[in-house]
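Just so it is clear, the values below take in all heavy atoms, side chains as well, and ignore hydrogens, waters and symmetry mates. Sequence lines set the chain letters: A, B, ... in the order given, protein chains first and strands last, and positions in each chain run from 1.
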Amino acid sequence: MAANNGSKVMTTKEAISRFVNDGDSLITGNYNESMPMSLLFEIIRQKKRGLTYYSQSGSFDGEFMAFSGCMEKMISAFVYKWGGSTRGGIIEQYQRAGKIQVEDYTNFTYNARLAAGAFGYSCLPVLPAIMDSDVFKIRGFMGDKKFGVITCPFTGKQTPVVPAANPDVCVLHVQRADKFGNAQHWGGLGSTVHACLASRKIIVSCEELVEPDIIKSSPHHTIVPGFRVSAVIEEPFGCHPFEIVGFRGLDTAMFSLINQAFKIDGGLDVFFDEWIYGLPDRSAYIQHYIEVFGQDMLNRYNARSYYSAPANYGIPFQSGWDINGISNDLGVDMEGLEKLIEERGELVDVN
Amino acid sequence: MLTKKITRQELLIIAASRQIQNGDVSILGIGLPIIAGAVAKKTHAPEAVLMMESGICDFEPRVLPMHVADASATRGYGYATDLFSVFSTITYAGYLDKAFLGVGQIDKFGNINTSYLGTPPGAPRISAAGGAPEFYAYAKKTILTMKGGQFVEKLPYLTSPGYLGGGSQREDSGRYTPGSGPSVLLTSKGIFKFDEETREMYLAALFPGVCVDTVKADVPWDLKIADTLESFPVPTDEEIRALREFSPRASFPSPVAVQLVFENFKRKIAAKKAARKAG
């Protein structure tokens, strides 16, 4: 049974220590935007080891997971060299040195593995041109299981398939969630929904913890139902320096600091000590940001509100009874119903 | 405690309602299952996640829906998804705790026919498959209800596989969620369960006022009877009140309910006419 009795609200520290184990496969739910940085920083602080990390998109999350020593294997579709063309990226350096193993997919085949995992399928057909690509032909740690080929029973054509991916843990940052874990997110969704639903455990951090009524009046924004979620953390700025629609934009000041850290010798060590290991949690991180950059700089990235039109979920009858307590169907009140039951019902004696 | 007088229909609904535990993720079909779910959520299972296969997940039953995409279920629901996702990401992926299915015909191993009374195209139709085969295969547990259906020795058409030929056949096939299958069959004559070893249906409890011979008369094979029959669950006043508040017509057999609703409309129209005349 889904563990959905009551509240799943806890701290980031508690969620990571309870739900992320050494050797797990871990995936970022977010795709490029709203990256779950607070949760990833805590994984780094807790020195989780031997992780297989799924990240599709080449943000510095993957570089950090490699540099921290948490990540042993990576599955990705895009790797950006954060150290620039001469220095190279951390993932690149570590892969070439044999410190980590990386399996390359395409954006579509990466997402297809998660879709298969989310649907409960063991595999999913992908698009045939990939068979001519070295992405298909050159195999890393997935070996024979990176891709398969089946014969379509309808066309007779050779069709490539990918195996389902079911990561142990998904870390996700969203705009709002309730205590049960119902998580609402809007913006550039990428592979987010499949990344979440494919995963066995889902840890959600949110800008705002809201009353269940807020969720229930806007179910079209729910991307993960509460019964799938293991932990909920109210974590304002949980994705900083990444953007989150409706709250703030990508913090270019912080990004340039991180860029610098990648490009100078020992820069990342200094950055990690100052911004990850040296700070206990996200509120300390934001406090430190304000000390370094100033409140004005933080405020500069605040979103100017642009509200979506509300969807009208109105219905005519809120219950089967009118305001005078008369049944719409039967035209009697509760007392009248009891009489009707005695006169016309098939009474049964249970004693 | 029960102090109110109750009907046979109410007793059956409460028995079904008791099958939902707090926190269960349940898929409900139209009719008895929805009413049972509404009662469960108002009484012992406030955190049950009720869903309909159109993709309306985590809804609050307010009025009796007429179909599985009924707008009345969309006021205040938690998760708007779609039918394909309900069957895949929730059901096949292993997150559906309970399914409720109605039975047309059933055999001794819980295999179900809801399609044809024979071989199509010549055979009379019952209805069709709907969502039953997949929910039955992949819900962790299924609760079956039968009103006016039939026990048969051999199904003329197998719509939704139960325990197949019995024993470990279902488990061994590797096609079903491990441990899944029917846990109970509820009818207006009794509660039936399935033997852990043979997977053959047996009578577990008698409906009040019904005797074993009456049950056996409906079953074409030699129905096994539990060594000790359980007693049929007795509703509480709270449950009966929740049921009547949700759907007062559900307390009656459906032809009577239809008649009562019709009488109500006739009264309303007559009152309008009288008012017009007087005015």
Side-chain angles (χ1 to χ4, degrees), chain A residues 1-6 115 117-121 166 178 180 182 184 193-194 196-198 212-213 215-228 311 313-321 326-332 334 336-338 340-342 344-351, chain B residues 2 4-11 21-25 47 49 56-58 60 62-64 71-72 74-81 85 88-95 97 138 140 207-209 232 234-235 241 244-249 251-253 256-257 260-261 263-265 267-268:
Chain A
M1 195 180 77
N4 48 3
N5 300 306
F119 298 157
Y121 295 171
N166 292 104
D178 67 12
F180 301 114
N182 292 296
Q184 298 198 327
V193 171
H194 290 141
C196 293
L197 298 182
D213 282 355
I215 303 292
K216 293 208 150 190
S217 74
S218 54
H220 50 286
H221 292 310
T222 305
I223 62 164
V224 186
F227 62 83
R228 293 293 317 276
Y313 278 95
I315 54 168
F317 304 111
Q318 316 307 311
S319 85
W321 303 79
I326 305 292
S327 159
N328 293 333
D329 275 349
L330 305 180
V332 294
M334 192 54 88
L337 175 64
E338 284 182 14
L340 211 52
I341 283 169
E342 285 191 36
R344 311 271 292 267
E346 291 179 356
L347 294 180
V348 61
D349 185 6
V350 291
N351 299 310
Chain B
L2 181 69
K4 292 184 186 307
K5 286 184 178 163
I6 65 162
T7 67
R8 305 172 65 80
Q9 289 72 27
E10 291 176 326
L11 188 59
Q21 278 153 8
N22 198 17
D24 272 356
V25 177
E47 280 148 21
V49 175
I56 301 174
C57 292
D58 200 6
E60 304 289 334
R62 293 168 190 277
V63 293
L64 191 62
S72 68
T74 63
R75 189 192 153 123
Y77 74 118
Y79 178 42
T81 183
S85 299
S88 56
T89 65
I90 296 175
T91 304
Y92 188 44
Y95 300 98
D97 295 310
Y138 303 112
K140 289 178 196 165
F207 204 88
F232 211 88
V234 178
R241 183 159 186 95
R244 290 177 183 173
E245 279 177 353
F246 177 65
S247 180
R249 59 185 288 178
S251 306
F252 303 89
V256 176
L260 289 172
V261 172
E263 286 172 18
N264 178 36
F265 277 110
R267 276 198 305 272
K268 277 185 184 163

Exercise. Hey, which of A:D349, A:V224, A:V332, A:L337 has the most heavy atom pairs under 4.5 Å with chain B?
Worked result: A:L337
For this session: For each of A:E338, A:H220, A:Q184, A:H221, tally heavy-atom pairs with chain B at distances under 4.5 Å, and name the one with the top tally.
Result: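 Ranked by contacts with chain B, first place is A:E338.
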Is there side-chain contact between [X] and [Y], with at least one heavy-atom pair below 4.5 Å?
X: B:V49; Y: A:F180; result: no
X: B:P248; Y: A:S327; result: yes
X: B:R62; Y: A:I315; result: yes
X: B:F252; Y: A:I341; result: yes
X: A:L330; Y: B:V261; result: yes

Problem set entry | From A:E346 atom CD to B:S251 atom OG, the distance as rounded to the nearest 0.5 Å |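 A:E346 CD to B:S251 OG: 11.5 Å, rounded to 0.5 Å.
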Exercise. Atom CG in A:L347, atom CD in B:E10: separation rounded to 0.5 Å?
Worked result: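 That separation rounds to 9.0 Å.
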For this session: Please check if the side chain of B:E47 supplies one atom and the backbone of A:G6 the other of a donor-acceptor pair under 3.5 Å.
Result: yes
Exercise. Counting only N and O atoms by type, is there a donor-acceptor contact under 3.5 Å from the side chain of B:N264 to the main-chain atoms of A:D329?
Worked result: yes
Check each atom of [X] against the heavy atoms of chain A and say whether the ones under 4.5 Å are side chain, backbone, both or neither.
X: B:L11; answer: side chain
X: B:I90; answer: side chain
X: B:L2; answer: side chain
X: B:F232; answer: neither
X: B:R267; answer: side chain

For this session: Could you tell me how the ring of B:Y77 sits relative to the ring of A:Y313: parallel (under 30°), tilted (30 to 60°) or perpendicular (over 60°)?
Result: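 Perpendicular.
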Exercise. Given B:D58 and A:F227, is the side chain to side chain contact (heavy atoms under 4.5 Å, CB included) satisfied, shown in steps?
Worked result: CA-CA 10 Å; B:D58 200 6; A:F227 62 83; over 6 Å; no
For this session: Applying salt bridge (Lys or Arg N to Asp or Glu O under 4.0 Å), name anything that partners B:K268, two or more places apart in sequence or on another chain.
Result: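 Not a single residue meets the salt bridge (Lys or Arg N to Asp or Glu O under 4.0 Å) criterion with B:K268.
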Exercise. Is it the side chain or the backbone of A:I223 that comes within 4.5 Å of chain B heavy atoms, both, or neither?
Worked result: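 Looking at A:I223, just its backbone touches chain B.
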For this session: Please state whether the side chain, the backbone, both or neither of A:N166 comes within less than 4.5 Å of a heavy atom of chain B.
Result: neither
Problem set entry | Listed partners of B:R241 passing side chain to side chain donor-acceptor pair (under 3.5 Å), at least two apart | B:E245
Exercise. So which heavy atom on B:P208 is nearest to which on A:V348, and how close?
Worked result: CB-CG2, 3.9 Å
